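Worksheet: one structure, shown below.
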Amino acid sequence: MNGRGTPLGEYLPGHSWLHRTPLGLKAGFLAVLGLGTFWLSSWAASLAVLGLVVALFASIAPGWRRTWRLFAAPAPLLLVVLVFQSWQLGPGRGISIAANITSCLVAAAILTLTTPVQTLLDGVVRLASPLRRFGLDPERLALLIAITLRSIPYLLGTFSSVREAARARGLERSPRARVLPVLIASVAYAQRTGDALTARGLGDATEPEADDPAFN
Amino acid sequence: MPDARSFARPADPDDDAVLLRDVVVRAAGEDRRPSRTILTVDGLRLTERRIGVLGANGSGKSTLLRLLNGLQLPDSGSVTVHGLDTRRDGRAVRALVGFVFTDPLSQLVMPTGREDLELSLRRSVPRKDRAARAQEILERFGLATLADQSVYELSGGERQLMALASVLAVEPRVLALDEPSTLLDLRNRELLRRTLAELPQQQVLATHDLELALDMDRVLVVDRAEIVFDGDPASAVAFYRELSLSGTP
């Protein structure tokens with residue numbers, strides 16, 4: 001079934017120390033890590049950072065199935081990155097780049113697994129509030145991010161379903177049979193999601209009274 | 001076959017009614033120019049609490065429902081819901097009319113039911129009260145134990161109830177339900193049927209489920225983009241059976 005590809009975007013109810021850590025700190029850590037990996041070029045340092053992030057991930061007791069899904073879904077892509085970069089830049093740099101990407105993925109999963117979506121949305125709305133004077137609606141931006149998070153597992157699940165369908169028809173080697181249905185399903189998904197948001201009035205510009213800080 | 005006009009009731013502006021006047025909806029053809037007509041409604045006034053819409057696939061019943069919420073705007077004519085025009089007052093109409101889709105997965109845009117409910121409440125309930133209000137709604141629908149599960153892990157019936165709860169969270173006055181029982185097994189269909197019967201909202205429900213149609217106060221039959229019958233449920237179901245079995249649709 002679509003939607004079970006990766007825990008990225010899921011919330012894991014709990015009371016771990018990372019659940020209790022304020023959103024600002026977690027988001028700040030993710031931002032520093034994301035930027036910091038640009039400067040990490042030693043494979044030993046990258047692996048050390050990955051080890052630290054994985055230890056943080058383990059501290060929220062995510063369970064084996066969720067851990068497996070987190071690493072299994074991007075594994076083929078990471079393998080391609082590892083092989084290609086090792087070939088282009090040498091094995092050390094290849095390992096470093098693959099480890100850095102994995103660290104960012106795991107850190108992003110920690111953020112979403114330990115933060116309720118509503119808290120994330122409230123955080124984005126607060127952060128984007130100054131942009132209102134430039135015509136940007138913070139609620140819409142927050143909704144965009146929430147929908148993006150919701151769409152990642154769905155689209156990865158679609159890839160998996162289409163791959164199985166192609167295999168069942170003996171077409172596993174046909175790029176057309178594996179890519180075209182994903183594109184069509186993605187467009188249909190976007191259309192259905194748009195309809196659902198419109199029907200619920202969630203795509204409308206924020207009501208003036210919702211500017212009240214109590215609502216944000 | 002009865003003439004559609006002989007069953008259509010005269011349109012009469014009324015603030016507590018859903019009114020469709022001279023409505024024509026066309027499908028966009030090549031170059032996005034309207035081509036094929038997908039629904040015409042000369043005049044329709046809906047005041048009953050529960051209104052069913054029967055019709056074959058592609059007959060125009062979903063289009064009729066989408067007109068009520070403003071998801072579909074008429075190419076000509078007008079649709080007003082409790083005095084609000086769907087074209088002019090789109091946002092207010094969407095707050096007034098909750099829409100339930102056939103597939104609840106299209107409707108539940110958040111990973112879990114609780115998150116989806118809280119999303120519904122963002123515009124109407126202050127942040128500090130949101131979680132408590134969501135919990136209250138979940139308990140009312142017997143969904144509290146399922147609230148934190150991924151929507152993909154819920155059964156079809158649980159998902160449909162969760163989608164319904166998300167829509168009802170903002171307390172709409174009218175519900176447009178597009179084949180809500182189509183994907184459900186018998187047990188879940190009965191559960192949904194009982195839940196809908198207890199709701200105070202005005203309901204306009206498109207369905208293929210003839211038993212559900214018999215629960216309504218009034219039933220419309222749509223065929224080939226027109227309302228061809230409008231009357232009491234038993235007569236409408238009999239008419240629809242005859243229409244379907246005659247091979248006309």
Side-chain angles (χ1 to χ4, degrees), chain A residues 1-14 66 69 112-113 115-122 125-126 139 142-143 146-154 157 188-216, chain B residues 62 65-66 68-73 90-112 114-131 134 147-154 163 166-170 172 175-178:
Chain A
M1 162 96 46
N2 284 344
R4 308 303 302 147
T6 170
L8 207 60
E10 281 180 17
Y11 171 62
L12 170 68
R66 192 171 276 107
R69 285 195 286 121
T112 59
L113 282 169
T115 314
V117 172
Q118 293 307 314
T119 309
L120 271 178
L121 295 188
D122 290 336
V125 169
R126 267 200 305 275
E139 274 289 339
L143 188 63
I147 297 297
T148 306
L149 282 174
R150 158 78 155 85
S151 305
I152 294 167
Y154 180 88
Y189 172 73
Q191 206 158 21
R192 286 197 307 270
T193 306
D195 271 356
L197 294 174
T198 306
R200 292 166 68 177
L202 293 168
D204 295 327
T206 313
E207 296 271 3
E209 60 267 29
D211 287 343
D212 182 334
F215 282 83
N216 296 324
Chain B
S62 291
L65 258 71
R66 290 167 70 90
L68 307 185
N69 174 276
L71 267 175
Q72 172 80 57
L73 293 172
R91 182 194 288 179
V93 168
R94 284 188 282 279
L96 199 68
V97 184
F99 198 100
V100 177
F101 291 82
T102 307
D103 181 2
L105 281 179
S106 301
Q107 178 132 15
L108 295 163
V109 293
M110 289 286 117
T112 69
R114 186 188 302 282
E115 288 165 342
D116 202 78
L117 258 166
E118 290 185 7
L119 181 73
S120 286
L121 297 170
R122 278 185 79 79
R123 301 234 168 143
S124 55
V125 177
R127 187 175 50 183
K128 62 181 173 55
D129 301 329
R130 243 178 256 154
D148 297 311
Q149 280 187 37
S150 163
V151 293
Y152 293 102
E153 289 168 0
L154 304 179
S166 277
V167 169
L168 291 172
V170 292
L175 272 181
L177 303 113
D178 191 5

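Values below: every heavy atom of this structure, side chains too, minus hydrogens, waters and symmetry copies. Small disclaimer: the values here were computed from a predicted structure and weren't measured.
- Ranked by heavy-atom pairs under 4.5 Å with chain A, the first of B/Leu108, B/Val109, B/Asn69, B/Val170 is B/Val109.
- Between A/Asp195 and B/Arg66, the closest side-chain pair of non-hydrogen atoms falls below 4.5 Å.
- Counting heavy atoms from C-beta on, the side chains of A/Asp122 and B/Arg122 come closer than 4.5 Å.
- Within the model, atoms OG1 of A/Thr198 and CZ of B/Phe99 stand 11.5 Å from one another, a figure rounded to the nearest 0.5 Å.
- Applying the salt bridge (charged side-chain N to carboxylate O under 4.0 Å, His left out) test to B/Asp116 and every residue at least two apart in sequence or in another chain returns A/Arg200.
- Using a 4.5 Å cut-off between heavy atoms, B/Leu119 contacts chain A through both its backbone and its side chain.
- Annotation: side chain to side chain contact (heavy atoms under 4.5 Å, CB included) contacts of B/Thr112 (sequence neighbours excluded): B/Arg114, B/Glu115.
- Taken to the nearest 0.5 Å, the CG atom of B/Leu117 stands 10.0 Å off from the CD atom of A/Gln118.
- In plain terms, the two heavy atoms of B/Asp148 and A/Pro13 that are nearest each other are CB-CG, 3.8 Å.
- Neither the backbone nor the side chain of B/Val93 comes within contact range of chain A; no heavy atom of the residue lies under 4.5 Å from a heavy atom of that chain.
- Comparing A/Leu121, A/Leu143, A/Thr193 by heavy-atom pairs within less than 4.5 Å of chain B, the highest count is held by A/Leu121.
- Ranked by heavy-atom pairs under 4.5 Å with chain B, the list A/Pro116, A/Ala146, A/Ala199 is led by A/Ala199.
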